[in-house]
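Below is one structure; the comments refer to it alone.
Not measured: the values here are computed from a predicted model.
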Amino acid sequence: MDIISQLQEQVNSIAAITFNAFGTLQRDAPPVQLSPNYPEPPATASAAAAATTTAAATDADPTAAFPEQPKQLSADLVKAAKQFDALVAALPLSEGGEEAQLKRIAELQVENDVIGQELQKQLEAAEKELKQVQELFGQAADNCLNMKRPE
């Protein structure tokens, strides 16, 4: 896989990690009182159960491990970002600046045009040969139908 494809995959990975991190934090975050003017949020059944259950039961409750989730999610995101940075560092440096790049692009375009013309000639030759084969096939089919032997 080339470096650009790897960069695209890594960006997709970072986006997925970020999306999942936000979703997990929204899903599992305990209710918080926004202002002293508002009433205390109701305790959820899972929060009450987490306080009274054993360690085995807390493994089944996703909100019980909430204090550790942001740390793990941010560590995953930082790891993915470092991998992206490593891929960016592996990109080849441009040589000679913008003018050299434009010159190289022009050279590649000329090369592409030459190859395109060559392919066009080959296509025309192949079409001509196909037409000849179709004519010969038609003659052979006519000879078979008319019971003539080929000359």
Quiz item: Has E135 got more than 12 heavy atoms of other residues, nucleotides or ligands less than 6.0 Å from its CD?
Solution: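 Buried by this count: over 12 neighbours within 6.0 Å.
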
Quiz prompt | Greater than 12 external heavy atoms within 6.0 Å of Q122's CD | solution =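 Enclosed.
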
Can you tell me how far [atom2] of [Y] sits from [atom1] of [X], rounded to the nearest 0.5 angstrom?
X    : Y    : atom1 : atom2 : value
L123 : L130 : CG    : CG    : 10.5 Å
I105 : N112 : CD1   : CG    : 12.5 Å
E124 : K128 : CD    : NZ    : 10.5 Å
D28  : Q69  : CG    : CD    : 4.5 Å
Q117 : L119 : CD    : CG    : 10.5 Å
Q10  : I17  : CD    : CD1   : 7.0 Å

Quiz prompt | R104 and E107 ion-paired at < 4.0 Å | solution =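 A salt bridge links R104 with E107.
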
Are [X] and [Y] in one and the same hydrophobic cluster, where Ile, Leu, Val, Met, Phe, Trp and Tyr link if side-chain heavy atoms are under 4.5 Å apart?
X   : Y   : result
V11 : L91 : yes
L87 : I4  : yes
L7  : V78 : no

Quiz item: What's the verdict on side chain to side chain donor-acceptor pair (under 3.5 Å) for N12 and Q8, showing C-alpha distance, side-chain angles and the deciding distance?
Solution: CA-CA 6 Å; N12 288 342; Q8 290 171 334; over 6 Å; no

Quiz item: Should N20 and D76 be marked as a side chain to side chain contact (heavy atoms under 4.5 Å, CB included) after you check the CA-CA gap, both sets of side-chain angles, and the distance that decides it?
Solution: CA-CA 11 Å; N20 289 335; D76 292 344; over 6 Å; no

Quiz prompt | Intermediate values then yes/no, side chain to side chain contact (heavy atoms under 4.5 Å, CB included), L73 and T18 | solution = CA-CA 8 Å; L73 295 171; T18 304; over 6 Å; no

Quiz item: Regarding Q139 and N143, is there a side-chain donor-to-acceptor distance under 3.5 Å anywhere?
Solution: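 No donor-acceptor contact under 3.5 Å links the two side chains.
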
